[in-house]
Amino acid sequence: MPELPEVEITARRLDAALRGATIESTLAPGINALKTFDPPLSALEGSAITSIHRRGKQFVIEFGGGLALLVHLMSAGRLQLYDKRAGPRDRTSRLLLRIADPDHPLRELRLREFGTKQAAWVKLLPADAVDDEELIATLGPEAWPQPPDDLRARLKAPRPLHTMLRDQRVIAGIGRSWVDEILWTARLSPFKRGDDLSDEEALALREAIATVLDGAIEHYERVIALPIPDKLPLPLQVHRKGGELCPRCGATIEQVHYEDYVMCYCPAEQTQGKVLKDRRLSRLLK
Ligand SMILES: [Zn+2]
């Protein structure tokens, strides 16, 4: 699932390639993906892209003429640029923005989605209405480049850090992959409650958020070029590494299975050696 670093690098690459480009035509083959009909998608035809940037884990594509497209990839979406048009039977196509560019006559910005679920969506709206969209209006402060100064206060609740850091209303941009990396870097238990953080722990957590997200974005700056690959090479140390050895201390990385994802942590450094694989028991472990 694309999180802040993945969306950030994609927005940078797309912005560099498309700023100033004019939309020739639009198509929404994934009919459910388009959440708005007024203004219609065709209102973009003939207008130029003025900026592609990120808000939390969402993209905002702005156009001359005052419109903006808010793009939410959900868990399996990708925003990709191709110099070839999607075939009519490409089942991953959700939204196609065809670009008028004499140097790249078949250029197309494509919202694609993998898997059977159709969850990714877009909304076309006046650019000045983006901030009022519920999804954007309820976002907490961005996790990067500066994690919020009041992080400790924001986390003061009897909920586990692993849950709170992924709550976009608390802090924006972190999801299932990077939360594991951040908590491992800060040597904090994923089960620790937000309101149990000491001053030092809160400081370590804030530093870890900055370090981990900086590191991921720097990594992508070195290795990612257009076209953005379907699967980004996430520079992970613990997430998806259950059963492997912790690269810092050599203990075995443990994992807790949830319905649709896996949490990974180093028991030696994060949970005082305690290993709990069952999520009901995990609640007891702080
Ligand atoms: Zn370790």
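Each ligand, and each atom within it, is numbered from 1 in the order the structure gives. These numbers were taken from a predicted model, which means no experiment stands behind them.
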Q. Can you say whether the rings of His72 and Trp121 are parallel (under 30°), tilted (30 to 60°) or perpendicular (over 60°)?
A.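 Plane angle between 30° and 60°, so tilted.
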Going by side chain to side chain contact (heavy atoms under 4.5 Å, CB included), name the residues that satisfy it together with Leu106, two or more places apart in sequence or in a different chain.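 Scan of Leu106 (side chain to side chain contact (heavy atoms under 4.5 Å, CB included), adjacent residues dropped) gives Arg85.
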Glu221/Arg13 salt bridge by N-O under 4.0 Å criterion: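 The answer is yes: the pair qualifies as a salt bridge.
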Lys/Arg-Asp/Glu bridge criterion (N-O < 4.0 Å) met for Asp180, Lys241
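Salt bridge between Asp180 and Lys241, a charged N being under 4.0 Å from a carboxylate O: no.
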* To do: Only protein N/O/S atoms count here: give how many lie under 2.8 Å from the Zn ion (ligand 1).
  =>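 There are 4 of them.
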May I have the step-by-step check of salt bridge (charged side-chain N to carboxylate O under 4.0 Å, His left out) for Asp15 and Arg19, ending in yes or no? CA-CA 5 Å; Asp15 184 78; Arg19 190 180 278 245; 3.1 Å; yes
### Message
Quick check: do Pro229 and Ile224 have side-chain heavy atoms less than 4.5 Å from each other?
### Response
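The answer is yes; the side chains approach within 4.5 Å.
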